[in-house]
Structure formats: structure tokens, C-alpha cells
Amino acid sequence: MNAVVDSGRPMLETRGLRKNFGALEVARDVDFTLHAGARHALIGPNGAGKTTFVNLITGALDASGGDVFLNGDRITHVSEAGRVKRGLVRTFQINTLFTGLTVLENLYLAVSEHAGVAARMLRPVGSRPKVVAEAMHLLEMLQLQDDAARLITELPYGRQRLVEIAIALALEPRVLLLDEPAAGVPSAESHIILDAISGLPEEIAVLIIEHDMDVVFRFAEKITVLVSGAVLATGTPDEIGSNAEVRSVYLGEGHHA
Amino acid sequence: MADANMTPQPSPAVQQLLRRHRFRVVELLPWIAAIAVFYLFPGYRLLATQVLVLILFALSVDLIVGYAGIVTLGHTAYFGTGAYAAALLARPEWQETLWNVGAQPLVGIAAGTVAGALLGLISGWIILRTRELTLLMLTLALTFLLHELAKDIDGLTGTLITGGFDGINFTMNPILGIFEFDPIFYSTNYWYAFAVLVVGFLIVRTIVNSPFGATLVGIRENVRRMHAVGSPVQRRMLMVYVISCAIAGLAGAVWVQVQDNVTIAVYEFELAGAILIMVILGGTGRLYGAFIGVLVYMILENLTETVLGTDPPYWELVVGGALVLTVLFAPRGLLGIGEDVSTMLGRKRR
Ligand SMILES: Nc1ncnc2c1ncn2[C@@H]1O[C@H](COP(=O)(O)OP(=O)(O)O)[C@@H](O)[C@H]1O
Ligand SMILES: [Mg+2]
């Protein structure tokens with residue numbers, strides 16, 4: 001399985017990616033490759049720069065140096081929206097939703113943008129029932145259909161996390177960056193989210209940032225460890241689990257036997 | 001029943017979204033009221049005409065403030081530019097040069113609309129790159145700049161263009177060559193403003209109910225998320241800004257046409273502040289908030305000045321108080337209160 005993935009072509013690549021916030025270096029010459037169909041985890045202590053790395057890849061933040069490639073194209077200077085249009089999609093560590101709108105409206109905004117009808121201003125929303133139906137279909141996939149008419153603010157945090165994922169799927173990603181998708185979700189509910197992630201279409205290249213090592217080792221075929229903005233190690237779960245440096249910096253003794 | 005099983009009903013949430021644009025009977029209310037006012041209060045027609053025009057102006061402000069969440073204190077820049085565009089075209093001295101079409105009302109409103117849109121495009125292109133306080137200051141600065149320009153350009157250029165403080169007086173030609181403006185009973189003037197408001201309102205209503213309108217609300221609700229769903233946020237904001245400025249320019253043009261003159265007041269900061277207050281009073285991002293806000297504001301102003309006089313300006317105390325109360329206790333405006341009351345009544349009935 002790993003061999004197949006490793007031989008896949010690189011979908012996403014960063015070369016020498018750098019970012020400073022003033023004197024603080026949050027990304028130090030990060031070289032990173034995400035292969036087609038990959039199930040790749042990015043781990044590292046809090047403040048290591050994982051979220052910043054995602055922001056640099058998606059263009060939410062401008063890099064101080066280095067390049068980002070998507071499917072072989074240099075996208076370093078492509079706008080955030082332009083990268084989404086090319087299939088580079090992310091979820092947020094902290095829910096970033098249209099809080100004053102209903103769950104269905106949240107999905108509608110993503111679907112209509114992805115379908116390229118969002119700039120139309122002469123016909124009502126209702127003149128395209130297909131777009132609304134597609135939004136509803138995505139909600140059903142994540143078992144959110146009963147919450148469709150509720151405002152985001154009325155949903156428990158765990159269900160809001162599912163909306164984050166539904167929105168990402170609405171954009172039909174080729175590369176999906178999941179920033180701690182189960183963060184803040186009670187463990188009783190987190191399995192819904194993890195099931196949704198396990199059930200993602202195979203052809204999507206997935207990078208997941210996750211603190212729960214059980215989840216990481218179950219899901220990931222490859223792991224990259226980021227410490228203080230630099231890549232400490234990349235390898236299979238076994239390699240990472242037995243890497244002495246990683247264990248001392250990050251995992252702590254005897255965490256993953 | 002069997003049929004219902006064959007073709008499953010879309011869920012209520014879906015239906016709600018699909019039907020949101022449909023006209024409801026209550027939406028006739030403001031228009032019936034406007035028609036009634038014409039006949040019931042003939043002595044207040046100038047005020048009523050002004051209310052209609054200001055509603056259109058308020059709608060343009062609501063489009064960017066209430067829907068897209070772009071807060072501005074400078075929308076008189078576009079209102080005033082539309083006003084001066086129409087007034088300049090109607091200047092008696094220029095009529096021959098302008099092939100005698102300058103004083104045609106429809107030419108004037110077309111010019112006002114285009115002038116507002118053009119200024120919106122140029123200024124918006126710069127202003128919308130900034131956020132929050134900077135954006136607010138830039139909109140203000142533009143208004144002050146144009147105000148000074150309109151006031152002093154005659155002295156600077158040695159010609160008589162804007163008439164400085166005194167402004168320009170003119171006489172409009174009949175609408176379509178048929179309906180003469182009426183400076184005494186304001187009847188044509190009123191229906192003219194009414195017609196323009198109907199058209200302007202339908203345009204705004206269509207836009208806010210469209211997919212484009214939905215993206216504006218998305219930008220207001222969470223701009224980071226809009227970027228992350230692949231929305232060209234900057235372009236959308238510029239688009240709605242230009243549309244809003246065009247409508248503001250249209251309102252400005254009608255404002256001066258129905259009154260046969262333009263004065264520097266159309267560029268004044270007071271008006272920019274007042275129109276924002278009207279929208280907030282009525283309820284932002286809800287179309288009819290503009291109607292209620294303008295109406296309540298204008299009536300309150302008129303009442304206060306009639307009852308308490310203009311010296312000292314009690315009116316400013318009243319409007320200040322009303323604004324504080326709204327912001328603190330009814331952030332969704334008077335219309336929001338109305339919505340709450342009607343849901344409550346609806347629940348009781350059930
Ligand atoms: N916008 C910002 N400005 C300044 N410092 C930031 C900003 N965003 C993140 N940081 C800092 O960068 C470091 C990395 O943050 P982050 O990428 O969120 O780490 P992680 O996701 O790995 O926990 C932290 O020290 C954080 O305080
Ligand atoms: Mg993080």
C-alpha cells in the first residue's frame with residue numbers, strides 16, 4: 001500500500017518555504033511533498049507552525065520565501081481563491097463558518113461558488129434548485145440533514161466541525177488539508193468526524209494535522225514531524241515511531257509501543 | 001399520500017431557501033402606504049417625496065453596509081456626485097450646448113447613475129483594499145474633498161460651474177416630454193420619485209436574493225471563509241460597491257430634479273451620517289429596514305422641530321437617543337423588533 005502511494009506523482013510540494021512573524025521564524029525552509037491519494041499526517045508540538053504551514057500552502061498567508069507547487073504548477077503567487085479553484089482545499093483548526101447563517105446556507109455558499117454560479121445577480125437563488133440539492137446531498141453524507149435549517153450558532157461544536165468538513169467536500173478537493181478536524185470535539189462524538197475522514201474518496205490527497213497519536217497511526221501512511229517551523233523527520237508510522245529524536249522531542253517515552 | 005412518497009418533498013430547509021425570493025403580500029404594504037400618503041397628506045408632499053428618494057439612497061447604503069458588511073460614512077460622495085451631474089446637465093446656460101437634452105429628467109438620472117458608478121469604481125478600487133477604520137476614514141475623506149471642490153471650484157477656476165454655496169437652480173423639462181414637474185403641489189415630482197424607487201427597489205431586491213447577494217452576506221459573515229471557498233472577495237466587493245454607488249447617484253439625481261436645485265448640502269457629512277443612522281434604525285441587511293428607518297427618522301425630525309423648535313437643536317438629542325437605544329436594545333433595528341413580535345404572535349396562535 002505504501003509503495004503504491006510513494007510512487008504516486010507529487011500533488012502538492014513546497015520548496016524552501018519560509019515565514020517570519022517579525023523575528024519569529026515559523027517556517028524554516030520547509031520542503032514537503034504530498035503524493036496523489038496520500039494519507040499523510042503532520043504532527044508537532046503546539047506552536048510548531050503547523051497551522052501557519054497550512055496558511056502558507058493555501059495562500060491565506062504570504063510566504064516570506066520559497067515556493068508552493070500544485071500538481072506541478074507553481075502557485076506561489078496565485079490568490080487563495082485561485083488555489084481553491086484548482087482543488088486545494090482546507091478546513092480550519094478553529095471553526096470558520098458563516099455563523100449567522102443556516103447550515104444549508106453555509107453549504108450553499110460553497111457549492112454555488114464551486115459550481116461557478118455565485119456571481120449571478122439577476123436570477124434568485126431558487127432558480128437553481130440543483131445547487132441547493134447538491135448542498136443538501138452533502139449534508140446528508142455527513143448526517144447533518146436534520147440540522148439544515150438551524151443556524152450555525154445553534155449547533156454544538158462537534159456538529160459545527162462536521163459542517164467544516166462538509167464545506168470542504170463541497171469544493172471537490174484534489175488536495176485536502178485538515179487542520180485538527182476533531183479538535184474541541186467530545187470524544188464520544190469524534191468518531192463521526194473520523195469516520196467521515198476515513199471514508200474520503202481515495203483519489204483525494206489528504207494531509208491531516210492531528211494530536212491524537214492513535215488516530216494518526218491508524219489513519220496515516222506517512223507522517224511528517226514539524227518542530228519550531230522545521231521538518232524534523234518524515235517517514236512511515238513505524239519509522240517515525242521508532243525515531244529516537246522524534247520520541248524525545250515530541251512523543252515522549254513509551255507513547256507508541 | 002402515495003404520490004408524496006413517489007416524489008419526496010424537499011426538506012423544509014431546502015424549500016425555505018428556494019422560495020425566499022418570492023413576493024409576499026405584506027410587501028405591498030409600503031407601496032400602498034406611499035400611494036395613500038399622496039392623497040391623505042397633500043400638505044406634506046415635498047417631505048414625502050424626499051422620504052421616497054432617501055429610501056432609495058438608504059437602500060444603496062444597506063446593500064454595502066447591511067449585506068456586504070462594508071461600513072461607510074461617505075456615501076454622500078456618490079449621492080452628491082449624482083446630484084451635481086444631473087444639476088449641471090440641467091443648467092439653463094448650458095442647454096443649447098447640450099442639444100437641449102440636458103434638462104430631460106431621464107437623461108439626468110442616467111447621468112447621475114453613471115457618475116455615481118464611475119466614481120464608485122475609481123474610489124472603490126482604492127478604498128476596498130483597506131479595512132475598518134482606514135476604510136471609514138477614506139470614505140469620509142472623499143466626501144470632504146468633493147464637498148470642498150463643489151464649494152470652491154468656481155473661485156479656483158474663475159468660472160461659474162457649481163454655484164458654490166448657493167448651488168444651481170434650474171427647471172427640468174417634462175418627463176418624456178409629457179409630465180411637467182410641479183413646484184407647488186409636487187404631484188408629478190412625487191410619482192416620479194415613486195417610480196424611480198420602485199425600479200431601484202426591484203433591482204436591489206433582485207440582487208440580494210441572487211447567488212451574488214448570498215455571497216455578499218457570506219463576505220459579511222466570515223470573509224476568511226469566503227476566501228477559503230474560492231470566492232474572489234475583492235472583485236465581489238467592488239462589484240456591489242459600484243452598484244451601490246450607481247444607485248446612490250441615481251437617488252442624488254432624483255433628489256435635485258424634484259426640487260429644481262442643487263446645494264452643497266448633498267455632499268455634507270450630516271447627510272452621510274444621517275443615512276447610516278436611518279439604515280441602522282430600520283434594521284440593516286433587511287431591505288425594508290431602509291423604508292422604516294427613513295420614515296421614522298424623517299417624521300421624528302419633523303415632529304421634534306415642529307413641537308420643540310430648532311433652537312436649541314433638540315432634534316440631535318432625539319436622534320442620538322434613538323440611535324443609542326437601537327444599538328443597545330434592538331441591534332436588528334425596528335424591523336427586527338417587528339420580526340420578533342410577529343414570531344411571538346405566531347407562536348401564541350398555535
Ligand atoms: N499572525 C501571527 N502573527 C504572529 N505570530 C503568529 C501568527 N500566527 C501564528 N503565530 C505564531 O507562530 C507560531 C506557530 O503558530 P501555529 O502555526 O498556529 O502553530 P501550530 O498550529 O503548530 O500550533 C506560534 O508561536 C504562534 O504564536
Ligand atoms: Mg494549529
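Values below: all heavy atoms of this structure, side chains included; hydrogens, waters and symmetry mates excluded. In the text below, chain A, chain B and the rest are named by the order of the sequence lines, each starting its count at 1.
- Within a 6.0 Å sphere centred on CZ of Arg150(A), heavy atoms belonging to other residues, nucleotides or ligands number more than 12.
- For the residue pair Ala81(A) and Ser231(B), the shortest heavy atom distance occurs at CB-O, 3.5 Å.
- The part of Ile243(B) that comes within reach of chain A is its side chain, from C-beta onward, which places non-hydrogen atoms under 4.5 angstrom from that chain.
- Minimum interatomic distance between Gly218(B) and Phe98(A) (heavy atoms only, all atoms of both residues): O-CE2, 3.3 Å.
- For chain B, the option among Val89(A), Thr102(A), Leu97(A), Val111(A) with the highest count of heavy-atom pairs below 4.5 Å is Leu97(A).
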Exercise. After noting the C-alpha distance and the side-chain angles of Glu113(A) and Thr215(B), does the key distance pass the side chain to side chain contact (heavy atoms under 4.5 Å, CB included) rule?
Worked result: CA-CA 8 Å; Glu113(A) 202 67 65; Thr215(B) 69; 3.8 Å; yes
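- Heavy-atom distances place both the backbone and the side chain of Thr96(A) under 4.5 Å from chain B.
- Taking Gln15(B), Arg22(B), Met226(B), Arg19(B) one by one and counting their heavy-atom pairs under 4.5 Å with chain A, the maximum is reached by Met226(B).
- Taking Ala118(A), Ser79(A), Ala149(A), Ala60(A) one by one and counting their heavy-atom pairs under 4.5 Å with chain B, the maximum is reached by Ala118(A).
- Across Ser210(B) and Leu122(A), no two heavy atoms sit closer than the pair CB-N, 4.4 Å.
- The line from OG of Ser11(B) to CG of Leu104(A) is 7.0 Å long, rounded to the nearest 0.5 Å.
- Dense packing is recorded around CG of Asp73(A), with more than 12 heavy atoms of other residues, nucleotides or ligands lying under 6.0 Å away.
- Proximity of Thr99(A) to Asn222(B): side-chain heavy atoms (C-beta onward) are nowhere separated by under 4.5 Å.
- Of the two parts of Pro12(B), neither the backbone nor the side chain holds a non-hydrogen atom closer than 4.5 Å to a non-hydrogen atom of chain A.
- When every heavy atom of Lys85(A) is checked against every heavy atom of Gly230(B), the shortest pair comes out as NZ-O, 2.9 Å.
- Within the 4.5 Å cutoff, the side chain of Glu105(A) has heavy atoms near those of the Arg20(B) side chain.
- Counting heavy atoms from C-beta outward, Val125(A) and Asn209(B) have side chains that stay 4.5 Å or more apart.
- The side-chain heavy atoms of Arg128(A) and Pro211(B), taken from C-beta on, include no pair separated by under 4.5 Å.
- The two residues Val84(A) and Val229(B) have their closest heavy-atom pair at CG1-C, 3.7 Å.
- Distance OG1/Thr206(B) to CZ/Arg123(A): 11.0 Å, rounded to 0.5 Å.
- The pair Glu80(A)-Arg224(B) does not meet the salt-bridge criterion, since no charged nitrogen lies less than 4.0 angstrom from a carboxylate oxygen.
- Taken to the nearest 0.5 Å, the CD1 atom of Ile207(B) stands 15.5 Å off from the CZ atom of Arg120(A).
- The minimum heavy-atom distance linking Val132(A) with Leu18(B) is given by the pair CG2-CD2, 3.6 Å.
- Other residues, nucleotides and ligands contribute over 12 non-hydrogen atoms within 6.0 Å of the CH2 atom of Trp31(B).
- Looking only at heavy-atom pairs under 4.5 Å with chain A, the residue among His227(B), Gln16(B), Arg220(B) that has the most is His227(B).
- Other residues, nucleotides and ligands contribute more than 12 heavy atoms inside 6.0 Å of the CD atom of Glu154(A).
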